[in-house]
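Reading through the structure tokens given below for one structure.
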Amino acid sequence: MPRLAHSPDALAALRAPTADDPWRVLLSGCMAGWGCGVDGTDYGMGDAVPWLARTPTVRLLPFCPEDAGLGTPRPMPDLHGGDGFGVLDGTARALAPDGADLSAAMIRGAEAMRDFALLHRVDFAVLTDMSGACGTQVISLGCRFDTPRRYQQGVGVAAAMLLRAGVAVVAQRDHRTLALLRARAEPGFAPDPSARDHHDSDWCREHFGGTSSRD
């Protein structure tokens, strides 16, 4: 399955949710308000997509792959030499700010998230962008504490693992796609026609000069 913001066909193919058979939505733990960030907080992400928690046709299934693989608190894992697919394939590494190699632990956490998703037969995942684990649009290129901070279009380690397992993903910054999902889950909700997904945002266009279609 692809990134939903890049695949209108996959978005349209999602089944219709009902109160008796709601969408099973995998959610990054920090967006569920879990104190699973590197510093033991939720990064202020607990209310990032508020309609998900209050919609009776959605069942949230939170999970934090970094906590599963590395524990909390932990060093900040960022990707060097590629994105999450590269880490899975051994051509890129997940490193701590001090250079310690966290790749194996990140892969373990990604495997745990994949197994959780498949066990619960999730319909799709809403994941925290910019994360070295959960990013689905943009992640850091190297350590985020470097100056200037550098970025790459791509996915984190857990997002790559989910995609390879056939689980569709979307970022909390994909406002257009999330609005279309909400309209499916809440009949009568009218999406804002001006809403844009993250790869179509001014920020991404300024940084990357276009869009990315890699799934």
Side-chain angles (χ1 to χ4, degrees), residues 3 25-49 52-53 60-120 122 124-165 167 169-174 198:
R3 293 174 293 171
V25 178
L26 180 63
L27 185 71
S28 292
C30 58
M31 283 197 282
W34 290 6
C36 57
V38 296
D39 58 356
T41 73
D42 69 356
Y43 301 131
M45 295 293 298
D47 200 36
V49 191
L52 284 172
L60 292 179
L61 296 159
F63 194 91
C64 177
E66 290 185 17
D67 179 68
L70 288 160
T72 303
R74 59 186 172 275
M76 178 70 76
D78 282 316
L79 308 192
H80 296 247
D83 70 354
F85 290 111
V87 174
L88 296 183
D89 294 338
T91 60
R93 310 304 292 172
L95 303 179
D98 65 1
D101 194 331
L102 307 175
S103 302
M106 288 286 279
I107 291 172
R108 285 197 303 272
E111 290 171 339
M113 189 179 214
R114 175 203 61 199
D115 293 347
F116 180 83
L118 296 179
L119 174 67
H120 291 283
V122 303
F124 58 90
V126 180
L127 304 179
T128 305
D129 207 30
M130 297 288 190
S131 162
C134 290
T136 65
Q137 287 274 19
V138 177
I139 56 176
S140 290
L141 177 60
C143 180
R144 71 186 63 207
F145 301 126
D146 288 348
T147 303
R149 183 178 178 182
R150 298 178 299 158
Y151 302 92
Q152 58 178 319
Q153 286 185 296
V155 302
V157 181
M161 186 73 75
L162 290 172
L163 287 166
R164 286 191 172 172
V167 178
V169 301
V170 64
Q172 90 282 7
R173 291 188 171 98
D174 289 332
H198 194 40

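Worth knowing before you read on, the calculation uses all heavy atoms, side chains too, and leaves out hydrogens, waters and symmetry mates.
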*Just checking, any donor-acceptor pair under 3.5 angstrom between side chains of Thr72 and Arg74?*
yes
*Answer whether the closest heavy-atom distance between the side chains of Leu26 and Val126 falls below 4.5 Å.*
no
*Do you know which two heavy atoms are closest between Pro77 and Arg144, and how far apart they sit?*
O-NH2, 4.4 Å
*Does the Gln152 side chain pair with the main chain of Ser140, one donor and one acceptor, at a distance under 3.5 Å?*
yes
*Inter-residue atom distance Ile107.CD1 - Arg114.CZ, 0.5 Å rounding*: 11.0 Å
*Please examine the side chains of Phe124 and Val169, heavy atoms only from C-beta on, and report whether any two atoms are closer than 4.5 Å.*
no
*Identify which one of Val155, Leu127, Val122 satisfies the side chain to side chain contact (heavy atoms under 4.5 Å, CB included) criterion when paired with Leu162.*
Leu127
*NE2 of His80 to SG of Cys143: how many Å apart, nearest 0.5 Å?*
6.0 Å
_I need the Ile139 CD1 to Asp83 CG distance, nearest 0.5 Å._
5.0 Å
*Quick one: closest heavy-atom pair of Ser131 and Glu66, and the distance?*
OG-OE2, 3.4 Å
*Would a 4.5 Å heavy-atom cut-off, applied to side chains only, mark Leu61 and Val25 as touching?*
no
*Nearest-0.5 Å distance that lies between atom CD in Gln172 and atom OG1 in Thr136*: 7.5 Å
*Do Leu102 and Leu95 come within less than 4.5 Å of each other through their side chains, counting heavy atoms only?*
no
*What are the two closest non-hydrogen atoms of Ala68 and Gly109, and how far apart are they?*
CB-CA, 4.2 Å
*Heavy-atom donor-acceptor pair, Tyr43 side chain to Met31 backbone, under 3.5 Å*: no
*side chain to side chain contact (heavy atoms under 4.5 Å, CB included) assessment of Phe63 paired with Leu27*: CA-CA 6 Å; Phe63 194 91; Leu27 185 71; over 6 Å; no
*Taking all non-hydrogen atoms of both residues into account, name the closest pair between Cys30 and Thr128 and its distance.*
SG-OG1, 3.1 Å
*asked:* Is it the case that the side chains of Thr91 and Asp89 hold a donor-acceptor pair, with the cut-off being a distance below 3.5 Å and no angle test?
replied: no
*Taking every non-hydrogen atom, the tightest pair across Asp129 and Arg173*: CB-NH1, 3.6 Å
*What ring pair (Phe, Tyr, Trp, His ring centres under 6.0 Å) pairs are there with at least one residue in residues 137-165, not counting sequence neighbours?*
Tyr151-Trp203, Tyr151-His207
*Hey, is the main chain of Gln137 close enough, under 3.5 Å, to the side chain of Gln153 for a donor-acceptor pair?*
no
*Taking atom SG of Cys64 and atom CG of Asp42, what is their separation to the nearest 0.5 Å?*
11.0 Å
*Considering all heavy atoms, the nearest Leu79-Gly84 contact*: CD1-N, 3.5 Å
_Rounded distance [0.5 Å steps], CZ in Arg149 versus CG in Asp78_ = 7.0 Å
*asked:* Quick one: does any side-chain atom of Asp174 pair with a main-chain N or O of His198 as donor and acceptor, under 3.5 Å?
replied: yes
*Do the side chain of Asp146 and the main chain of Pro148 share a donor and acceptor less than 3.5 angstrom apart?*
no
*Are the side chains of Val87 and Ser103 in touch, meaning some heavy atoms are under 4.5 Å apart?*
yes
